2 protein chains.
Amino acid sequence: MLLRVDTTDAVPVYAQIVEQVKRAVAAGVLDAGDALPSLREMAMKLRINPLTVGRAYKQLEQEGLIETRHGLGSFVAGSAKSPAREFGRDAIARGIDRVLVDAMDLGVGFDEVREVFEERLRAAPQSLRGQAAGGDEVRDEDR
Amino acid sequence: MLLRVDTTDAVPVYAQIVEQVKRAVAAGVLDAGDALPSLREMAMKLRINPLTVGRAYKQLEQEGLIETRHGLGSFVAGSAKSPAREFGRDAIARGIDRVLVDAMDLGVGFDEVREVFEERLRAAPQSLRGQAAGGDEVRDEDR
DNA sequence: CATACTGTTATATATCACTATAACAGTTGA
DNA sequence: TCAACTGTTATAGTGATATATAACAGTATG
């Protein structure tokens, strides 16, 4: 489970956590029953306040994605798996649609969009590493 | 000049305005010398506070994209054209990078991303029209 | 039972975005 | 000059986010 948080982003930190936990479940990085990092642990690694993590978990629970038990921790819900499978391809499609809408707004032709797409794809292995920087990052391998 | 604003979005309203004015300039919808809607006019149409529009214009002026004159209004700067040209392709590249990062997070292979990309590109003419809905909208034809 | 983890709650503080209201100042044209 | 537009500034209030600090409560294990 890998988490990045950017406190300078307009998107609230707790919302960033919610989004990324959803992704982790969708990607299969987190399976049903898996424990999430404790409030204090994640807060320490991300260098944010535990209450902020708690708020993210609270929302995830309200959405039924995780179950949280006092004194035990928070766990990926059993029912979280099924809707998550389609999430990946759908999320990509939504992202691409957003780019295409942008292209229309900007008066950039689709041919040029494809050009840029292939260009970024070629550059991906390098540029993506650069992109990861900036936010605080946590690699969670030791659970 | 068409503006959409969503007050429920995490992105501040003033930032949304800044972004969309940049797009309008980049797309050629606004040319150098063109007048922007007055603070009060745009505020009324978008149903937001004039100060919020003022904040957006202030930032646009600091970035050199517009020039604002007391008692007259705000106008697209003459020098705004050249940097705006790159804005389009850059914005597209940024959007694509975001999609590629998402793909990595979701465990979706780049080949599949390309597949989805071509698929959405083919579907674009229809699907893009539906996307424009949502948020308050202002079409500004009477200036 | 004591310890050490869990989540939960309360209080206070700070910052940012947005609003409401109001007044002030520059520009233009009747 | 006066009216009707422009942008500008000041003040105050609201809500959301995040912080620091602290205490409280459930669970498991030695």
Side-chain angles (χ1 to χ4, degrees), chain A residues 1 3-21 33-63 65-77 135-136 138 140 142-143, chain B residues 1 3-21 33-77 135-136 140 142-143:
Chain A
M1 168 142 208
L3 280 187
R4 297 180 291 268
V5 158
D6 181 4
T7 54
T8 70
D9 197 323
V11 178
V13 173
Y14 83 92
Q16 293 180 40
I17 296 175
V18 167
E19 175 73 12
Q20 290 179 47
V21 170
D34 281 1
L36 275 70
S38 77
L39 300 187
R40 291 172 181 83
E41 182 187 356
M42 178 171 288
M44 204 181 58
K45 289 188 178 176
L46 295 177
R47 277 175 291 182
I48 59 178
N49 194 284
L51 295 186
T52 305
V53 181
R55 181 163 184 180
Y57 283 12
K58 195 173 184 177
Q59 179 168 333
L60 282 166
E61 180 164 37
Q62 286 172 345
E63 295 184 18
L65 206 83
I66 70 176
E67 287 168 3
T68 191
R69 271 176 295 174
H70 194 165
L72 283 177
S74 296
F75 307 85
V76 178
D136 283 329
V138 153
D140 186 42
D142 44 14
R143 296 192 62 79
Chain B
M1 168 139 206
L3 280 187
R4 297 179 290 269
V5 159
D6 181 4
T7 54
T8 69
D9 197 323
V11 178
V13 173
Y14 82 93
Q16 293 180 40
I17 296 175
V18 167
E19 174 75 11
Q20 290 178 49
V21 170
D34 281 1
L36 276 69
S38 75
L39 300 187
R40 291 172 181 83
E41 182 188 356
M42 177 172 288
M44 203 181 59
K45 290 188 178 175
L46 295 177
R47 277 173 291 182
I48 59 178
N49 194 284
L51 294 186
T52 304
V53 181
R55 181 165 185 180
Y57 283 10
K58 195 173 185 179
Q59 178 167 333
L60 283 167
E61 180 164 36
Q62 285 173 345
E63 295 184 18
L65 206 84
I66 70 175
E67 287 169 3
T68 190
R69 270 177 295 175
H70 196 165
L72 282 177
S74 297
F75 308 85
V76 178
D136 283 331
D140 186 41
D142 43 13
R143 297 192 61 80

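Since this is a predicted model, take the numbers as computed values, not measurements. Numbered from 1 within each chain, the chains take letters A, B, ... in sequence-line order.
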Return no unless some side-chain N or O of B:T68 is found under 4.0 Å from OP1 or OP2 of D:dG7. no
Where along nucleotides 21-30 of chain D does protein come under 4.0 Å, by heavy atom, of base (B) or sugar-phosphate alone (S), with - for untouched nucleotides? B-B-BBSS--
By nearest-heavy-atom nucleotide on DNA chain D, the more 5' of B:E61 and A:R55 is B:E61
Rounded to whole angstroms, how far apart are OH on B:Y57 and P on D:dT9? 17 Å
For atom CG of A:L60 and atom C1' of C:dG7, their distance in whole Å: 15 Å
Hey, what do you get for CG (B:N49) to CE (B:M44), rounding to the nearest 0.5 Å? 13.5 Å
Rounded to whole Å, how long is the line connecting atom CZ of A:F75 with atom C1' of C:dC5? 12 Å
What's the CZ-C1' distance between B:R47 and C:dA20, to the nearest Å? 18 Å
What pairs with A:A10 under side chain to side chain contact (heavy atoms under 4.5 Å, CB included), at least two apart in sequence or on another chain? B:P12
How many whole angstroms separate atom CG of A:L39 from atom C1' of D:dT19? 15 Å
Going by the rule side-chain hydrogen bond (donor to acceptor under 3.5 Å, both in side chains), which residues pair with B:E19 if we only count those two or more places apart in sequence or in a different chain? B:R23
Given that A:A15 and B:S74 both sit by DNA chain D, which one's nearest nucleotide is further toward the 5' end? B:S74
Can you tell me which nucleotide in D:dT6, C:dT8, D:dA18 comes closest to the side chain of A:Y14? D:dA18
End-to-end bend of the helix from C:dC1-D:dG30 to C:dA30-D:dT1 (five-pair axes, 10° rounding)? 0°
Looking only at side-chain N and O atoms, does B:T52 come under 4.0 Å of OP1 or OP2 in C:dA17? no
Side chains of residues 50-57 of chain B: which donor-acceptor pairs under 3.5 Å do they make with residues two or more places apart or in other chains?
{"unit_1": "B:Y57", "atom_1": "OH", "unit_2": "B:P37", "atom_2": "O", "d": "2.8"}

Looking at residues at least two apart in the chain, or sitting in another chain, which of them share a side-chain hydrogen bond (donor to acceptor under 3.5 Å, both in side chains) with B:Q59? B:E63
Atom pair distance, as rounded to whole Å: CG in B:D9 and C1' in D:dA16: 14 Å
A:Q16 pairs by side-chain contact (heavy atoms from CB on, under 4.5 Å) with which of A:D6, A:L3, A:V21? A:D6
All side-chain hydrogen bond (donor to acceptor under 3.5 Å, both in side chains) counterparts of A:S74, not counting sequence neighbours: A:T68
Can you tell me the distance, in whole Å, between the CD atom of A:Q16 and the P atom of D:dT17? 12 Å
For side chain to side chain contact (heavy atoms under 4.5 Å, CB included), just list the numbers for B:Y14 and B:K58, CA-CA rounded to whole Å, side-chain angles, deciding distance to a tenth of an Å, and then say yes or no. CA-CA 10 Å; B:Y14 82 93; B:K58 195 173 185 179; over 6 Å; no
Side chain to side chain contact (heavy atoms under 4.5 Å, CB included) partners for A:E67, two or more places apart: A:A77
How close or far is atom P of D:dG7 from atom CD of B:E67, stated in whole angstroms? 14 Å
